[in-house]
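For reference, the structure is listed below as structure tokens.
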2 protein chains.
Amino acid sequence: MHTDISSDVSAEAIRGYLLDLQQRIVVGLEEADGKPFFTDAWERPADGKLRGDGRSRVIEEGALFERGGVNFSHVRGDAMPPSASASRPQLAGKGFEAMGVSLVLHPRNPHVPTVHMNVRCFIAGSGPDAVWWFGGGMDLTPYYGKDEDCRHFHATCKQALAPYGEDKYPRFKRWCDEYFFLKHRGEARGIGGIFFDDFSELGYAESFAMTRAAGDAFLDAYLPIVRARRDTPYGEREREFQAYRRGRYVEFNLVFDRGTLFGLQSSGRTESILMSLPPIVRWCYDWKPQPGSPEAVLYTDFLPPRDWA
Amino acid sequence: MHTDISSDVSAEAIRGYLLDLQQRIVVGLEEADGKPFFTDAWERPADGKLRGDGRSRVIEEGALFERGGVNFSHVRGDAMPPSASASRPQLAGKGFEAMGVSLVLHPRNPHVPTVHMNVRCFIAGSGPDAVWWFGGGMDLTPYYGKDEDCRHFHATCKQALAPYGEDKYPRFKRWCDEYFFLKHRGEARGIGGIFFDDFSELGYAESFAMTRAAGDAFLDAYLPIVRARRDTPYGEREREFQAYRRGRYVEFNLVFDRGTLFGLQSSGRTESILMSLPPIVRWCYDWKPQPGSPEAVLYTDFLPPRDWA
């Protein structure tokens with residue numbers, strides 16, 4: 001944990017970046033969709049333990065996005081609970097804050113992949129004892145995969161991280177594959193991307209810069225795929241498969257995702273957190289795709305981890 | 001924990017009862033639906049730790065039930081893992097078995113409630129050191145509630161438990177209200193019913209008899225409601241509300257239900273466990289019913305716990 005330059009840590013600068021990132025992403029998505037996102041700004045009244053505020057930007061029944069949200073949230077507390085500081089006893093009782101931007105987009109057209117992106121940071125204490133870290137990443141969940149889309153998504157992530165060390169993309173790619181894995185299905189959620197957490201090894205300025213690079217790369221990683229696939233025709237069959245596969249997204253987010261579970265247990269912002277859940281979902285018993293069908297190709301060629309970049 | 005009559009404990013008798021109960025319930029449901037349930041029998045090969053077998057009886061796209069399952073499972077292990085026996089150290093390393101019947105039915109008509117029922121038992125060790133308990137219950141999840149249905153469901157539960165002590169229904173009714181509660185929504189899953197767990201206080205014979213009484217009451221508790229509501233007309237509005245409310249069922253089962261989470265982590269029978277998830281589900285942002293609408297009545301008159309019997 002780097003503490004040497006912690007006096008440079010500026011929650012205000014991080015907050016400013018995150019709010020600007022949210023706005024830029026929403027503008028880019030609105031241009032693609034044509035329908036404006038609505039805004040749900042919220043403030044959590046101080047209840048003695050936690051306070052916070054946030055801005056949910058939400059779209060439903062858009063031309064392109066059936067449901068999606070780009071959420072900013074900023075939670076502050078006066079004293080770290082002992083349970084949260086067990087592994088870092090120097091933080092017990094210290095003030096802390098956590099903030100981030102998190103997005104999930106569920107397109108209507110099954111040829112356009114679902115996408116998730118998140119950047120976040122945590123700061124506890126202040127001065128030389130301060131502890132901080134960054135986390136983030138993005139991952140893509142196609143229904144009908146295209147090699148060139150996956151290569152583009154991963155190449156964009158790799159390029160964004162390259163200035164911060166050649167090891168970053170391979171490490172964060174592997175971390176992503178490990179994190180977005182449905183153990184009870186023995187199946188990846190999608191084709192991955194990048195994931196990092198508890199990151200401070202480059203010092204504050206460079207760690208923050210790397211996190212910004214990840215956030216800033218999102219529109220470049222995703223919008224070209226949207227443009228390439230949005231007019232691909234589809235029918236009932238593709239919609240049914242999409243609804244079925246969206247069930248996996250629900251299973252992952254409700255059973256495994258730490259951010260979702262932590263949020264549900266602590267924040268009281270259920271609707272903002274469950275913004276990640278798809279609009280229409282289907283479960284059916286022991287369904288398996290016809291061997292050789294376009295649906296089977298997702299399982300054989302896209303869900304097993306591959307080197308995409 | 002009663003151990004005095006543990007030599008009477010017969011896993012074979014319990015298994016026999018459970019398989020017969022499953023069969024009787026499926027026959028009753030098939031009569032109501034008209035479509036036969038299919039059977040998925042499975043055996044878990046001994047992998048050194050656990051072995052087991054089961055029978056999933058499943059219906060999809062029935063006349064009445066859009067999706068549903070009545071599952072029997074029986075899992076056996078040669079040695080209790082230390083984590084599972086922490087509070088009962090005498091069980092460490094002892095053989096154990098767990099078996100049960102669990103059902104969830106999702107009717108197509110939104111005027112027919114979703115229902116869940118489960119009876120289960122656990123036995124560890126043998127002879128005078130054996131430990132065993134029973135658990136079970138049933139709960140009803142209406143979309144458009146009717147007072148008389150809720151009263152009938154609860155009255156049937158109460159009557160079934162009456163021979164085992166007047167305290168049982170009120171205790172198990174409260175336990176059910178507490179268990180089937182979505183903390184992140186501050187909302188009950190449905191109108192409750194009965195729930196009990198870790199139950200041995202009546203001794204083996206009577207505890208088993210009480211558990212049988214609960215299981216045997218299921219068809220009497222549910223089928224009259226099905227018959228009364230199955231022909232009520234509905235349209236797109238009612239189907240949309242049903243799909244939306246089914247989202248709560250998914251949230252409960254994936255975030256809170258201990259049986260589901262334990263099963264997903266341990267059994268490898270994902271499809272049987274997730275049989276409880278509805279066929280078509282919808283999420284949308286911060287939806288609220290129009291005050292005074294039939295949908296609002298669910299929230300005002302049925303979800304808050306009431307004395308139904």
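Here the structure is a predicted model, which is why all the values come from computation and not from measurement. Numbered from 1 within each chain, the chains take letters A, B, ... in sequence-line order.
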Taking Thr270(A) for the side chain and Arg185(B) for the main chain, is one N or O donor matched with an acceptor at less than 3.5 Å?
no
How long is the straight-line distance from CH2 of Trp283(A) back to NE2 of His106(B), given to the nearest 0.5 Å?
9.5 Å
Contacting moiety of Val250(B), where chain A heavy atoms sit under 4.5 Å:
both
For the residue pair Leu261(A) and Val255(B), what are the closest heavy atoms and their distance?
CD2-CG1, 4.3 Å
Side chain, backbone, both or neither of Val58(A) within contact of chain B (heavy atoms, under 4.5 Å):
side chain
With heavy-atom distances below 4.5 Å as the criterion, would you say the side chains of Tyr285(A) and Leu274(B) are in contact?
no
Portion of Arg67(A) that has a non-hydrogen atom of chain B nearer than 4.5 angstrom
side chain
Structural part of Glu251(B) lying under 4.5 Å from a heavy atom of chain A
both
Contacting moiety of Thr260(B), where chain A heavy atoms sit under 4.5 Å
neither
I'd like to verify something: which residue of Ile280(B), Asp286(B), Asp40(B) has the highest number of heavy-atom pairs under 4.5 Å with chain A?
Asp286(B)
Gap between atom CG of Leu264(A) and atom CZ of Phe256(B) - 0.5 Å precision:
7.0 Å
Go through His184(B), Arg246(B), Glu271(B) and name the one with the most non-hydrogen pairs under 4.5 angstrom from chain A.
Glu271(B)
